[in-house]
J.: 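Have a look at this one.
FYI, side chains are in, hydrogens and waters are out, and symmetry mates aren't considered; it's all heavy atoms of this structure. Quantities reported herein were computed from a predicted structural model and do not represent experimental measurements.
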Amino acid sequence: MNPWVDFLLDSLGFGATFMYGSTGEILTEKAGHLNLGIPGVMCMGGAGGCLMLNLIGESALPPFLIVILGILASFLTGALMGLIYSFLTVTLRANQNVTGLALTTFGVGLMKVLMSDKTRISVKRYLVTPKQYFRFPFAGRSDSLQVLGVMFFLAVIVACLSSYVLYRTRTGLNLRAVGENPGTADAAGINVTRYKYLATCIGSGIAGLGGLYYIIDYMASQEAYLSIEAYGWLSIALVIFVLWKPHMTIPGSFIFGVLFSCSSHIANIPWITVTVAAKPILKMLPYLFTIVVLIISSIRNKRENQPPASLGLSYFREER
Amino acid sequence: MQPALQLKHITKRFGRDVLANDDVSLDVYKGEVLAILGENGCGKTTLMNMVAGIYFPDAGSISIDGTEVVIRSPKDAFDHKIGMIHQHFKLVDIFTAAENVALGLKGKGGNDIKKVNAKVEEIARRYGFHIDPKKKIYDMSVSEKQTVEIIKVLYRGADILILDEPTAVLTLQEIRRLFEILRRMVADGKSVIIITHKLNEVMEVSDRVAVMRKGRLIDIVNTSETSEGALTDMMVGRKVNLNIARSEPVDPRPRIEVKGLNLSDAEGVRILKNVSFTARGGEILGIAGIAGSGQKELLECIAGLQKPQSGEIIFTNPKKNRPVTFFHKQLGQIRHMAAQGLFHDPDGNAVKLGGLSDKQVRQLVQDEKILFNDDEVMSLRDKTPLEIRDLGVKLSFVPEDRLGMGLVGSMGISDNMMLRSYRKGQGIFLERSKPKKLGEDIVRDLDVVTPSVRTPVRRLSGGNVQKVLVGREISSSPKVLMAAYPVRGLDINSSYTIYNLLNTQKEKGTAVIFVGEDLDVLMALCDRILVMNSGAVTGTVDGRTVQKEELGYLMTKTHTEGEND
């Protein structure tokens with residue numbers, strides 16, 4: 001395969017990690033909650049899925065069931081992290097930034113403890129065998145097409161479905177109203193607390209899948225879990241890059257993937273010499289582009305492209 | 001006939017002290033407009049909020065079509081076909097009109113916003129609204145937003161509509177159109193409740209009027225059988241004697257003169273309309289009016305916090321026969337003014353600084369040997385808020401949330417004193433001992449109840465917070481003291497402490513401007529009372545001789561001249 005096509009396919013696969021993280025974060029932010037715990041949530045989602053696969057990876061279950069159970073475990077672990085976050089920020093009205101950062105620290109740390117326990121975790125069980133099932137239908141290929149497995153397509157479907165729900169259904173209308181103006185939503189008879197909880201938990205569950213996808217499918221390496229945190233932050237940047245539109249995470253994550261991994265591929269171009277020191281600088285490109293998008297959207301000042309109006313603010317009915 | 005809505009013995013308290021509604025009973029029938037009339041804070045909005053499910057009554061019952069119901073949330077109210085249009089619109093800015101209407105309702109199928117658009121248009125046609133369902137709220141005028149609110153309620157099939165001060169933000173033409181629509185709704189068999197304090201609108205649109213005062217229902221009368229005068233009397237009630245000691249003003253002289261002040265907000269709504277008045281030293285000038293008539297903005301203009309579009313604010317600094325100081329004047333300015341012959345020495349001779357060195361002049365100033373011939377007159381419009389405050393014009397503003405302006409809730413009393421003095425320290429370190437002493441003085445003199453001067457002020461009760469705020473502003477012997485609602489939410493004793501503080505300031509020659517809401521207090525405390533309505537001055541009266549009815553009349557009188565431009 002042409003190395004450039006290979007590079008683009010690889011970026012597409014890599015981007016699915018952020019696609020999950022950003023879609024999940026967008027759902028949460030549309031409910032007015034800025035979840036900075038996404039890196040931790042993604043780590044824990046990865047850990048939860050891996051632990052489940054560690055249990056069933058070499059069992060006699062049919063392969064599709066192993067995949068579904070792995071995904072389900074990852075989703076539920078992420079959602080559980082979201083539940084902690086919602087309890088603290090919705091019910092107890094704790095500061096969202098502080099809670100999110102604490103959740104990140106907690107999730108990253110706990111995942112490392114769980115995943116580094118070599119006595120209980122077997123790479124063969126959780127990674128080597130299930131990898132073949134997750135990479136359906138391109139398992140066994142030697143080029144980058146192999147990473148576009150079940151979970152990649154799931155990411156695209158989830159992103160499209162999220163946009164459909166947000167912009168085409170009453171549920172989405174209500175959810176956006178909660179994030180824009182919870183007082184108004186409340187007066188219209190919308191259960192603000194329920195929407196916030198559900199959006200945060202489902203969003204965190206989706207983000208958690210990003211961790212599992214990265215470990216099992218994209219990297220398929222036992223060291224992969226160590227670098228998820230960085231991609232959590234990248235996912236939060238992607239939310240701004242795509243202006244809070246879930247379906248836009250599909251091209252957005254691809255662009256981020258290209259920008260982030262171009263450093264290693266640029267070295268293959270004969271007439272460009274990239275020193276080792278230049279690589280981290282090239283890895284900053286996604287953030288640079290995010291800043292550019294922020295500047296452009298601020299200058300254009302279109303109301304629909306701004307963050308949800310009550311993002312980051314707690315809602316309390318009797319406060320006036 | 002069976003009432004559509006029946007309230008029986010409704011009582012509502014906020015906290016222990018505030019009785020917002022006291023045993024209110026009233027009926028609303030199908031096909032009528034009931035106006036609820038009363039001053040601010042009389043509990044009319046609270047009463048209706050209980051019908052709309054925002055609050056829950058402490059006692060009493062609500063019946064709809066003869067059946068007793070429990071309304072715990074706005075959703076319950078919708079289910080009972082009650083809809084309330086709040087004074088502050090509850091709309092999502094980035095949604096279209098139809099999306100706002102559909103908010104919170106169960107849809108039929110996925111993308112059904114087109115059906116909502118069609119139904120919104122149908123409702124609009126039926127009652128004569130002009131509305132584009134696909135227009136975004138942020139592109140709409142105030143009147144269009146109100147239309148969306150009304151359609152929202154009608155879409156939900158409301159039979160009882162409650163409108164809270166619907167005309168406050170509308171132009172005269174828009175008000176007429178609104179009333180036309182209300183009449184059509186009533187003809188359609190709906191009940192309309194309109195909360196207002198504008199008498200002419202009550203007379204124009206309502207069938208019956210319920211008058212409220214201080215949380216009680218005074219009476220319900222048929223509009224056709226009453227008059228504006230009779231309603232005013234019911235609204236303001238009989239005069240209550242308060243026994244606030246009021247001394248005669250000594251040598252009152254103009255201190256602040258406001259001439260033709262005009263102010264508009266960012267949306268072009270006129271907040272102050274050609275306001276002119278004079279506040280004199282040694283006198284308390286009261287400002288009466290329904291809340292939101294421009295009192296707050298007027299004070300903010302004087303304090304330099306708002307920039308009026310036109311008009312003059314002249315401040316007379318009482319400097320006659322007082323020594324010049326380096327606090328306000330620099331050496332060069334003093335030399336310049338001396339050359340103009342503006343100073344005299346203690347013996348009455350003109351001061352000439354021509355042959356003196358800087359050191360000698362400094363010594364003269366320090367020995368208070370250079371005195372002003374006359375008061376200083378200056379315009380405050382070209383000064384910064386800081387300069388205005390340094391001149392002795394103090395704003396002790398007590399806003400809706402007490403800590404909002406003036407005090408920092410998480411800091412102690414002494415630190416809050418420093419907010420006014422932190423610039424005065426030497427070098428880079430803060431001067432802490434004086435603010436601490438000042439804080440302790442205020443705690444002692446004004447009986448502030450607090451564990452220590454370091455306790456965060458947000459932990460103090462409302463009255464104590466207010467004492468700290470007023471105490472700090474008067475500690476620097478102001479020349480003008482402006483206090484807005486300084487006794488709001490305070491108990492009787494704390495209120496009297498504040499009244500006495502204001503009186504003491506008046507006796508010291510300060511020009512006190514007191515914005516109040518209780519007419520009895522204004523009449524007992526103030527020497528003169530300025531009455532405002534919708535941003536315009538409707539009259540200035542003598543606080544000693546004025547009748548309560550006259551004040552009530554001025555407060556509700558609609559200012560017509562120049563209104564329609």
J.: Quick one: CE on Met81(A) to CZ on Phe106(A), what's the gap to the nearest 0.5 Å?
T.: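 Met81(A) CE to Phe106(A) CZ: 5.5 Å, rounded to 0.5 Å.
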J.: For chain B, which candidate among Leu173(A), Asn174(A), Asn181(A) shows the most heavy-atom pairs at distances under 4.5 Å?
T.: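 Most heavy-atom pairs within the cutoff with chain B belong to Leu173(A).
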J.: Short question: side chain of Ser74(A), backbone of Gly208(A) - any donor-acceptor pair under 3.5 Å?
T.: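 Answer holds: yes.
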J.: Please check: side-chain N/O of Thr196(B) versus main-chain N/O of Glu165(B), any donor-acceptor pairing under 3.5 Å?
T.: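 Checking the backbone N and O of Glu165(B) against the side chain of Thr196(B), no donor-acceptor pair under 3.5 Å is found.
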J.: So, the side chain of Ser22(A) versus the backbone of Met19(A): is there a donor-acceptor pair under 3.5 Å, distance only?
T.: no
J.: Report, by ascending residue number, the residues of residues 92-101 of chain B in heavy-atom contact with chain A at a distance under 4.5 Å; give 'none' if the set is empty.
T.: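 At a heavy-atom separation under 4.5 Å, chain A is reached by Val92(B), Asp93(B), Ile94(B), Phe95(B), Glu99(B).
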J.: Could you check Lys12(B) against Asn49(B) for side-chain contact (heavy atoms from CB on, under 4.5 Å), going step by step and ending with a plain yes or no?
T.: CA-CA 11 Å; Lys12(B) 176 75 185 170; Asn49(B) 273 339; over 6 Å; no
J.: Which members of residues 189-207 of chain A, sorted by number, sit under 4.5 angstrom from chain B on a heavy-atom basis?
T.: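 Those residues of residues 189-207 of chain A which have a heavy atom under 4.5 Å from chain B are Gly189(A), Ile190(A).
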J.: So how far is it from Ile123(B) CD1 to Thr147(B) OG1, rounded to the nearest 0.5 Å?
T.: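 Interatomic distance, Ile123(B) CD1 to Thr147(B) OG1, rounded to 0.5 Å: 12.5 Å.
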J.: Between the side chain of Lys90(B) and the main-chain N/O of Ala187(A), is any donor-acceptor distance below 3.5 Å?
T.: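 It does not hold such a pair.
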J.: Can you find a heavy atom in the side chain of Leu163(B) that is under 4.5 Å from one in the side chain of Leu182(B)?
T.: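 Yes - at least one pair of side-chain heavy atoms lies under 4.5 Å apart.
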J.: For atom CZ of Phe89(B), decide whether the heavy atoms of other residues, nucleotides or ligands shown that lie under 6.0 angstrom number more than 12.
T.: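 Correct, the count exceeds 12.
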J.: Checking Tyr20(A) side chain against Ala155(A) main chain: does a donor-acceptor pair fall under 3.5 Å?
T.: yes
J.: Could you walk me through whether Met185(B) and Leu154(B) pass side-chain contact (heavy atoms from CB on, under 4.5 Å), step by step?
T.: CA-CA 10 Å; Met185(B) 287 180 197; Leu154(B) 292 172; 3.8 Å; yes
J.: Measure distances from Leu91(B) to the heavy atoms of chain A and classify the residue's part below 4.5 Å as side chain, backbone, both or neither.
T.: backbone
J.: Counting a contact as any heavy-atom pair under 4.5 Å apart, which residues of residues 134-143 of chain B contact chain A?
T.: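 Expected list: Lys136(B), Tyr138(B).
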J.: Would the distance check show the side chain of Glu121(B) and the main-chain N or O of Pro133(B) forming a donor-acceptor pair, the cut-off being under 3.5 Å?
T.: no
J.: Which residues, numbered in order, of residues 234-256 of chain A come under 4.5 angstrom of chain B by heavy-atom distance?
T.: none
J.: Quick one: do Glu149(B) and Lys152(B) make a salt bridge, cutoff under 4.0 Å?
T.: yes
J.: Does Glu25(A) reach the main-chain N or O of Leu34(A) with its side chain, forming a donor-acceptor pair under 3.5 Å?
T.: no
J.: Roughly how far, to the nearest 0.5 Å, is CD1 of Ile64(B) from CD1 of Ile82(B)?
T.: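 Going from the CD1 atom of Ile82(B) to the CD1 atom of Ile64(B) covers 3.0 Å.
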J.: As a quick check of understanding, evaluate side-chain contact (heavy atoms from CB on, under 4.5 Å) for Ile195(B) and Met48(B), giving each step before the final call.
T.: CA-CA 9 Å; Ile195(B) 301 175; Met48(B) 286 302 116; 3.4 Å; yes
J.: In terms of heavy-atom pairs under 4.5 Å, which option from Lys75(B), His86(B), His88(B) contacts chain A the most?
T.: Lys75(B)
J.: Check for a donor-acceptor pair, side chain of Asn21(B) on one end and backbone N or O of Leu47(B) on the other, with a separation under 3.5 Å.
T.: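 At least one qualifying donor-acceptor pair exists.
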J.: Could you please spell out the steps behind the side-chain contact (heavy atoms from CB on, under 4.5 Å) verdict for Phe78(B) and Leu105(B)?
T.: CA-CA 11 Å; Phe78(B) 289 138; Leu105(B) 296 178; over 6 Å; no
J.: Side chain, backbone, both or neither: which part of Val153(B) has a heavy atom under 4.5 Å from chain A?
T.: neither
